[in-house]
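Beneath this line is the structure, given in structure tokens, with notes to follow.
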Amino acid sequence: MSEIRTRFAPSPTGYLHIGGARTALFNWLFARHYKGKFILRIEDTDRVRSTKESIQAIYDGMEWLGLNWDEGPYFQSERFDIYREYIEKLLSKGEAYYCYCTPEELEKNRKQAMSERKKPKYSGKCRELDRPKTDEPHVVRFKTPKQGCTKVADLIKGEVIFENAELDDLIIQRSDGYPTYNFAVVVDDITMGITDIIRGDDHLNNTARQVLLYDSLDSPIPRFAHVPLILGIDKARLSKRHGATSVMAYKELGYLPHAMVNYLVRLGWSYGDQEIFSRDELIEKFSLDSVGKSAGIFNPEKLLWLNSQYIKEENSETLAELLVPFLQKRGLSIHDIELLQKIISLLKERSKTLLQMADSSEFFFKEDISYEKKAAEKFLKPELLDIFHILIERFSRIEDFNQRAIEETFKDLSILKGTKLAKLAQPVRVSLTGTTVSPGIYEVIEVLGKKRVINRLNKAIEFIRDKV
RNA sequence: GGUCCCAUCGUCUAGUGGCCUAGGACGUCGGCCUCUCACGCCGAAAACGCGGGUUCGAUUCCCGCUGGGACCA
């Protein structure tokens, strides 16, 4: 088999969204699986809506997900000469023709067809005329066969048949001289030697026209694979109103890129009952055979779960690097990476996102913590003064301030005072963290260190005294 | 409206005629673990859209309907 070549061809008219990212991912995986090439092409023929920022957003999103490309980026806007050449080719072969019908004329025909409850179609007027090129405004149309049918052998949907009679004479060059989308895509895919076109099934309807263009341009037809779309919870196509649909928004929210990759790949593809895949495993196991046919609904909760799994499994060094920007964003500068890693090891089993992790690590770094109102009311009570004093005294005597020594101190104290451990732990937790929720209290105490623990306990004592 | 696609728990899916009393995962609910919260573990509720065929036997094959989606207008 010759080399597999796939491509991702986004229009730079916004951010890289979930659906686009999955299409890119499938193309990337397919190319990597077959040790082929993955090509990036920017479809920026729409000069009005295409922006530099969007192009950058595409790069950023793909980089974040780790979808590296082997060729490109190619820009359609730099390829007009090529399109023109191919249009000439079709014209000279008599497979395309100049059409001088005015928009008004076309609109009139359309309205008439509608009023007769017929399908609006181009009349084919200029096709029969075969007029030569003049200076009048004109488009170029492709001569679609009037009889027969066109078959698309789709790797996912199976064989799909279109009646040629249903197809209009497609405009391939607009009156402003620009190629139309369907034409530019075909020329690009031919000239770039794309062997496998994996794209959203919203393009399935266009495929018959494209197949006819391949034929007319004497080019081999690539394999097509139309993957089902991703829908929102209301089963409408995923869009902004469904919440975050930009891939990069999930980076901001503290998602790990591979969690996103893992989520996206399982949306429409499966490998038995397996849910979690490493990158290498995906490359090894990915196949279009097991891509489903039906549209899928984007489920943020499952993504969140996957993210928590990956955070749990990721090593603390890597997480530290990823977490620092989140901490900096809230004004915390990190000097002690070793300390940060210790904190992370306490937090990674209980954080679903890096954002959450940053939230729950704040009390470690802040000089002054504040108490949650409810927590303080419930747990910081006068009867604790005695116990807190003893605790401070005992802590200050511990030489090696480690978890085990701390735990023993607590156990002794609970026997001494005849109170349950829980009755001790919660007030201490509130004193040290400001909240009722934190990692294990012994770990927290060890990581905070003797000095800060004693400081915070003293502050709590002051707070309790002030209250009475 | 025309064309095309699709149809298993709420969601992602396994299932390719008998292994199905329909499996797994997320979520939900209950329990265990426990210094809180998580993690983890155990358990529960939860689906083959409907109607016809084909077949000894259909979730699985065929047809229709219904429903959803996409594209074009």
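Source: prediction; values computed, not measured. Just so we're on the same page: letters track the sequence lines, and every chain starts at 1.
Across all strands shown, Gly292(A) has no heavy atoms under 4.0 Å from either base or sugar-phosphate atoms. When heavy atoms are screened at a 4.0 angstrom cut-off, Gly296(A) is found touching the sugar-phosphate backbone but no base atom. Across all strands, Gln309(A) comes closer than 4.0 Å only to sugar-phosphate atoms, never to a base (heavy-atom distances). Within 4.0 Å (heavy atoms only), Ser294(A) reaches sugar-phosphate atoms of the nucleic acid but no base atom. Phe162(A) comes within contact range of the sugar-phosphate backbone alone, with a heavy-atom separation under 4.0 Å but no base atom that close. Residue Pro439(A) is classed as a base contact, given a heavy-atom separation below 4.0 Å to a base.
Of the listed nucleotides (C35(B), G10(B), U3(B)), G10(B) has the atom at the smallest distance from the side chain of Asn299(A). Here C5(B) is the nucleotide among C5(B), C12(B), A25(B) with the atom lying nearest to any side-chain atom of Leu204(A). The side chain of Ala425(A) lies closest to C35(B), out of C35(B), G23(B), C26(B). When distances are taken from the side chain of Glu443(A) to each of G10(B), C35(B), C71(B), the shortest belongs to C35(B). The side chain of Arg429(A) has C35(B) as its nearest neighbour among A14(B), C35(B), A70(B). Relative to the side chain of Lys302(A), the nucleotides G2(B), A70(B), C26(B) differ in distance, and C26(B) lies closest. The side chain of Glu166(A) lies closest to U3(B), out of U3(B), C12(B), C35(B).
Distances shorter than 4.0 Å separate some side-chain N or O of Ser270(A) from OP1 or OP2 on A14(B). Put simply, Lys293(A) has a side-chain N or O that comes within less than 4.0 Å of OP1 or OP2 on C6(B).
Taking the P atoms as reference points, C33(B) lies 22 Å from G27(B), given to the whole Å. One C1' atom belongs to A45(B), the other to C26(B), and the distance between them is 16 Å to the nearest Å. Spacing of C1' atoms, A73(B) relative to A14(B), comes out at 40 Å, to the nearest Å. Nucleotides G40(B) and C62(B) are separated by 42 Å at their P atoms, to the nearest Å. Between G18(B) and G30(B), the two P atoms lie 39 Å apart (nearest whole Å). Nucleotides C12(B) and A7(B) are separated by 12 Å at their P atoms, to the nearest Å. Taking atom C1' in both U54(B) and A44(B), one finds a spacing of 39 Å when rounded to whole Å. One C1' atom belongs to U59(B), the other to G17(B), and the distance between them is 10 Å to the nearest Å.
If you check distances only, the side chain of Arg350(A) does reach the base of C37(B) with a donor-acceptor pair under 3.5 Å.
Under the Watson-Crick or G-U wobble criterion, with both distances below 3.5 Å, U55(B) has no partner in any strand shown. For G49(B), the paired base is C65(B) (Watson-Crick or G-U wobble, both distances below 3.5 Å). Pairing for C39(B) is absent, judged as Watson-Crick or G-U wobble with the two contacts each under 3.5 Å. With a 3.5 Å ceiling on both atom-pair distances, C33(B) lacks any Watson-Crick or G-U wobble partner. Nucleotide U21(B) forms no Watson-Crick or G-U wobble pair with any nucleotide shown, as no partner meets the under 3.5 Å limit on both distances. Using the Watson-Crick or G-U wobble rule with both distances under 3.5 Å, G1(B) pairs with C72(B). Within the shown strands, A44(B) is the pairing partner of U28(B) under the Watson-Crick or G-U definition, both distances less than 3.5 Å. With a 3.5 Å ceiling on both atom-pair distances, U16(B) lacks any Watson-Crick or G-U wobble partner.
As rounded to whole Å, 18 Å separates atom P of C37(B) from atom NZ of Lys312(A). Between Lys157(A) atom NZ and C4(B) atom C1' the separation is 10 Å, expressed in whole Å. Note: CG (Asp169(A)) to P (C72(B)) measures 18 Å, nearest angstrom. If you take CD of Gln274(A) and P of G24(B), they are 16 Å apart, rounded to a whole angstrom. Atom-to-atom, CG of Asp168(A) to C1' of C4(B) comes out at 16 Å; the value is rounded to the nearest Å. Across the protein-nucleic acid pair, Glu301(A) atom CD and U11(B) atom P stand 13 Å apart, rounded to whole Å. A straight line from NZ of Lys348(A) to C1' of G40(B) spans 16 Å, rounded to a whole angstrom. Going from atom NZ of Lys352(A) over to atom C1' of C37(B) covers 11 Å, rounded to whole Å.
Summary of the strand contacts: Ile156(A) and Ile441(A) both lie near RNA chain B, and taking for each the nucleotide with the nearest heavy atom, the more 5' one is attributed to Ile156(A). Between His203(A) and Leu303(A), the residue whose closest nucleotide on RNA chain B is further toward the 5' end is Leu303(A).
A distance of 11.0 Å separates NZ in Lys251(A) from OG in Ser246(A), rounded to the nearest 0.5 Å.
Side-chain contact of Asp196(A) with Thr6(A): a donor-acceptor pair under 3.5 Å is absent, judged by distance alone. No donor-acceptor contact under 3.5 angstrom links the side chains of Tyr181(A) and Asn206(A), judged on distance only. At a cut-off of 3.5 Å, with distance as the only test, a side-chain donor of His226(A) or Thr207(A) sits close to an acceptor on the other residue. For the 3.5 Å distance criterion, the side chains of Asp188(A) and Gln76(A) qualify, holding a donor opposite an acceptor.
Ring pair Phe286(A)/Phe26(A): centre-to-centre distance below 6.0 Å. Aromatic ring centres of Tyr310(A) and His258(A) lie closer together than 6.0 Å.
Phe326(A) does not carry Arg330(A) over the face of its six-membered ring by the limits of under 6.0 Å from the centre and within 45° of the normal.
Looking only at side-chain heavy atoms (C-beta outward), Lys381(A) and Ile464(A) stay at 4.5 Å or farther from each other.
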